[in-house]
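Before any comments, here is the structure.
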Amino acid sequence: MATGIKDKVAVIGMGCTRFGERWDVGAEELMVEAFEECLADAGIAKQDIGAAWLGTCFEEINVGKSALPLAISLRLPFIPVTRVENFCATGTEAFRGAVYAVASGAYDFCLAMGVEKLKDTGYGGLPSFTGSNAGSLNWQWFPNMTAPGCFAQLASAYAAKYGLADQDLKRAMAHVSAKSHANGVLNPKAHLRKAVTAEQVMAAPIIAHPLGLFDCCGVSDGAACAIVTTPEKARELGKKDFVTVKALQLALSNGSEMGYNDWDGEHFVTTRKASIRAYQEAGIANPREAISMMEVHDCFSITELVTMEDLHISAPGRAVQDIMDGFFDRDGAVPCQVDGGLKCFGHPIGASGLRMLYEMYLQLHGRAGERQLENPRYGLTHNLGGFPQMNICSIAILGRHGD
Amino acid sequence: MLTVTLIPESAAAEIFAVKCCGGALPDQNLEIQIENRGTASVAVVSRIVLESANATHTIEAVCPAGGRVLPPGAIASLYTALAPEVLARYRHIVLFDRQGQPYRFPIQSRL
């Protein structure tokens, strides 16, 4: 009988670049920058790594196809390297590959690397689904669809279901963004490091009503990585109070949301299902009490708001109240986006999931500097790739071994 | 009734530069935050005039280009590139609605 991943794999090293408009380097240098920090942190030699996973989404505009860019950039010793892509869950997908490879007993040490270099296109957003290089089928799959437009509909549906006034939802979303920017000020690796007020967020130009400019995350360049091993190997290396994976779950839409028969457009079916499985895997009965901190996919402020309910942290319809009560602020009961989130880091797709895990890892080791929380126990990360009606949700929970 | 808050070195500048069209909106450092505390909607156009005792300065390059519509209770901002020391030379900022009606606000008391 399957017993899940809890405490079978230890994270012994992590690295993360400064995110931003990294005109000074290519994707290769970003990977090297993250890897050097990670390898030094792990305290092993590069030759000890048995296999590696590379997560990158838009390979056409940064690293190129195959997993060779990772093998070549890091001069890995002719080991198996696999490239993975799963929309915005790509970074966590790379982590999942490495974790399961160690858990299987196939390798002692594995590397998961996520990287994306998006700013070289000169465009403020993600590469388009439409345009001359989109092919003929995309027009049928995604007619007139934009990410802000789809997530704005999520906001409208949520407001309609719970009878929220437009200004009340706007103010809660503004609190989400202002809170993340306040956290990002404290993070030297964040892209945007200036505080904004809730009033500034609410006053910003509308992108897709009710989402304004500050409700939308930007794009950026960055890389993050992790080295994982077994708890036994971690002990052999002299690691104490090391971090282990408590849960690792993935849920993908199957098309039922797009049928709109059972789904009213105001929540993420995948997040609800993946989070329940993650809590079961980690042995968590009451996530609102047990989870100490979170990094969730705040591609838009409304995504974070709705996700608080889909993760079963806030009761249905209660996320706005929790947000306005400061429940998810850095000094709140369950701090969310302690590192600044996608709002401050931007979203280099392949790197984001591992960047989130990096913050949880630092926090659990007490190495988060000015952002350090008091004695966190379980850290949850959440990625959502795609759109409300069709997406990939990955959830990871980290904690100290044996806790 | 409109109220105005001026934010001379707004964090919005950095965010505009990153998120909007690959840096096509640089240096939007002056944020003009407007709140409608009245009972009727006001449509503010993207044009401001700065006034001192002996000079006026009209700025047409105001973002967003289409102006802002403020329903009662709403808050909305206009943005432009203006050095704080230039702003400090003026005593009033004047906004206009679509009918051309001016709304004049003191500057120094807001900074």
Side-chain angles (χ1 to χ4, degrees), chain A residues 19-23 118-127 147-148 165-168 170-171 174 177-178 180-182 184-185 190-207 209-221 299-300 342-347, chain B residues 2-39 41-46 48 61-80 84 93 95 105 110:
Chain A
F19 280 36
E21 294 179 304
R22 297 294 305 269
W23 309 118
L118 294 172
K119 297 303 291 188
D120 290 356
T121 62
Y123 177 57
L126 294 174
D166 189 58
Q167 286 297 303
D168 291 341
K170 284 280 290 179
R171 188 161 289 282
S177 289
S180 294
H181 279 278
V185 169
H191 183 180
L192 300 171
R193 299 192 60 203
K194 288 183 180 172
V196 297
T197 64
E199 285 71 26
Q200 282 180 288
V201 177
M202 293 180 72
I206 293 296
I207 303 300
H209 186 84
L211 305 179
L213 183 67
F214 289 70
D215 292 311
C216 311
C217 81
V219 299
S220 61
D221 306 327
C299 53
F300 300 94
L342 297 180
K343 292 289 188 306
C344 294
F345 272 81
H347 184 24
Chain B
L2 299 184
T3 64
V4 162
T5 303
L6 298 179
I7 307 172
E9 290 288 8
S10 173
E14 185 184 14
I15 294 172
F16 269 97
V18 169
K19 292 184 182 176
C20 295
C21 309
L25 276 173
D27 304 326
Q28 300 295 301
N29 61 311
L30 175 60
E31 179 175 348
I32 305 154
Q33 203 174 89
I34 311 160
E35 186 174 359
N36 182 1
R37 295 182 179 174
T39 55
S41 287
V42 179
V44 179
V45 300
S46 294
I48 61 172
V62 175
C63 171
R68 306 295 303 268
V69 177
L70 289 97
I75 185 169
S77 285
L78 298 173
Y79 310 84
T80 193
I93 181 171
L95 310 179
F105 303 93
R110 298 286 182 184

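Here is how names work: the chains are called A, B, and so on, in the same order as the sequence lines, proteins then strands, and each is numbered from 1.
Proximity to chain B is limited to the side chain of A:H181, based on heavy atoms less than 4.5 angstrom apart. Heavy atoms closer than 4.5 Å to chain B are found in the side chain of A:Q167, but not in its backbone.
Of all the heavy atoms in A:A195 and B:A11, the pair that sits closest is O-CB, 3.6 Å. Across B:E14 and A:R193, no two heavy atoms sit closer than the pair OE1-N, 4.1 Å. Annotation for B:V18 and A:V219: closest pair CG1-O, 4.2 Å, computed over non-hydrogen atoms. For the residue pair B:Y79 and A:A203, the shortest heavy atom distance occurs at OH-O, 3.7 Å.
A:T197 places none of its side-chain heavy atoms less than 4.5 Å from the side chain of B:I7. At least one side-chain heavy atom of B:R68 sits under 4.5 Å from a side-chain heavy atom of A:P205.
Separating the CD1 atom in B:I75 from the CZ atom in A:R171 is a distance of 7.5 Å, to the nearest 0.5 Å. Considering CD of B:E9 and NZ of A:K194, their distance stands at 7.0 Å, rounded to 0.5 Å.
Remark: the A:Q200 side chain and the B:E31 side chain contain an N/O donor-acceptor pair separated by less than 3.5 Å.
The candidate with the highest count of non-hydrogen atom pairs below 4.5 Å against chain B, out of A:G20, A:G212, A:C217, A:G346, is A:C217. Most heavy-atom pairs under 4.5 Å with chain A, from the set B:C63, B:A74, B:S77, B:P71: that is B:S77.
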